[in-house]
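Here's the structure, in structure tokens; my notes come after.
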Protein chains: 2
Amino acid sequence: MMKYKELGLKMTPQRLSIISFLEGNKDHPTAEDIYKKISKKFPTISLATVYKTLETLKRHGVINEITIDPNRRHFDPNLQRHHHLICSRCRKIADLDIDFDLVLPEDTRKGFDIIGNHVEFYGLCIDCKKK
Amino acid sequence: MMKYKELGLKMTPQRLSIISFLEGNKDHPTAEDIYKKISKKFPTISLATVYKTLETLKRHGVINEITIDPNRRHFDPNLQRHHHLICSRCRKIADLDIDFDLVLPEDTRKGFDIIGNHVEFYGLCIDCKKK
DNA sequence: GTTACTGCAAAGCTTTTGCATCCCT
DNA sequence: AGGGATGCAAAAGCTTTGCAGTAAC
């Protein structure tokens, strides 16, 4: 918890509750998801605060934003390089516990300096298969 | 061009002009990009028509939507399986002319039936490197 | 003649911003 | 005390929808 203060972030109750909700979370929640959850124990929090806090945490490299859902933003406290499984039907996002060694030959890079990569697998999740 | 009529799509001048703009396009345009371009030769077209047409084309499998930019939707007439290069700075999206043989071991699939995958490489494009 | 498409305006959603107040440090 | 954080409401984007008129088939 110390690391946040070292970043110059003020530890307000709202912020603490967002951080503790995110820590270890593997559900890739949206701002709305977080707001709904936090509201239960913290009825006065506003959605704007959630957005602002997420932006702040993202800017300080505490969380990542994942661009996987065209309809809303999802956030991921897992900073380790990892890939995702996405359900084409219900849009559920799961972490993948496997990495790939992807090398881009020089002549396919189109002049880009490569920083990283991300792999998404699409499919039907276990719940959606049943339906 | 015949294929569109076979899909039951009416070939209006607006639609033809959107289709011909998209055919062979490798820029992954947004609805706004398309609207701006088409407007020049077709001043009466509306943005709503562009959106509706894109939705129709997508539903008929004529184009794909790509989820790569959190701020707006991009469309891609290239239906062939392919991956992308994304500039972290200017958000430019380029096609990758290389495929990967990615196999997900059974025990990493979390019960998903896998349909496909998509790889994104992040980096700095040739123009942004100069700055 | 049907049926689908167009274009306008209005509405819908998610996300951002302005600002006065509050409260961590 | 100072500066960032909160929360409200308003605004800003992007995208969708309703509907009357129009055009493709």
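Naming convention: chains lettered A, B, ... in sequence-line order (proteins, then strands); numbering from 1 in each chain.
Between the CD atom of Glu55(A) and the P atom of dT16(C) there is a distance of 7 Å, rounded to whole Å. When the P atom of dT15(D) is taken as reference, atom CD1 of Ile34(B) falls 11 Å away, rounded to whole Å. At whole-Å resolution of the value, CG in Leu16(B) and P in dA23(D) are 15 Å apart. Rounded to whole angstrom, the span from the OH atom of Tyr35(A) across to the P atom of dC13(C) amounts to 16 Å. Summarising the geometry, the separation between CD1 on Ile45(B) and P on dC5(C) is reported as 13 Å, rounded to the nearest angstrom. Counting to the nearest Å, the P atom of dT15(C) and the NE2 atom of His74(A) are 9 Å from each other. For the pair Phe42(B) CZ and dA23(D) C1', the interatomic distance rounds to 11 Å; values are reported in whole Å.
In this structure, Thr56(A) reaches neither bases nor backbone, as no heavy-atom distance under 4.0 Å exists between it and the strands shown. Residue Pro13(B) is classed as a sugar-phosphate contact, given heavy-atom separations below 4.0 Å to backbone atoms only.
Not a single donor-acceptor pair, N or O on each side, falls under 3.5 Å between the base of dT6(C) and the side chain of Lys52(B).
No side-chain donor from either of Asn117(B) and His83(A) sits under 3.5 Å from a side-chain acceptor of the other. Looking only at atom types and distance, the side chain of Asp76(A) has a donor-acceptor partner in the side chain of His82(A) under 3.5 Å away.
In terms of phosphate contacts, Arg73(B) brings no side-chain nitrogen or oxygen within less than 4.0 Å of OP1 or OP2 of dC14(D). Taking 4.0 angstrom as the limit, Tyr51(A) places a side-chain polar atom (N or O) nearer than this to OP1 or OP2 of dT15(C). Contact annotation: Gln14(B) side-chain N/O to dG7(C) OP1/OP2 distance is under 4.0 Å. Between Arg15(A) and dA5(D) there is a side-chain polar atom (N or O) within less than 4.0 angstrom of OP1 or OP2. Regarding contacts with the backbone of dG7(C), a side-chain N or O of Thr49(B) is found under 4.0 angstrom from either OP1 or OP2. The side chain of Thr44(B) contributes an N or O atom lying less than 4.0 Å from OP1 or OP2 of dG7(C). Within the structure, a side-chain polar atom (N or O) of Thr53(B) is placed less than 4.0 Å from OP1 or OP2 of dT6(C). In terms of phosphate contacts, Thr12(B) brings a side-chain nitrogen or oxygen within less than 4.0 Å of OP1 or OP2 of dT6(C).
Contact check on Arg109(B) versus Glu106(B) returns a salt bridge, with a Lys/Arg side-chain nitrogen under 4.0 Å from an Asp/Glu carboxylate oxygen. In this structure, Arg89(B) does not pair ionically with Asp127(B), as no charged nitrogen and carboxylate oxygen lie closer than 4.0 Å. For the pair Lys110(B) and Asp97(A), the salt-bridge criterion is met [side-chain N within less than 4.0 Å of a carboxylate O].
Nearest to the side chain of Lys10(A), among dG2(D), dT15(C), dC25(D), sits dG2(D).
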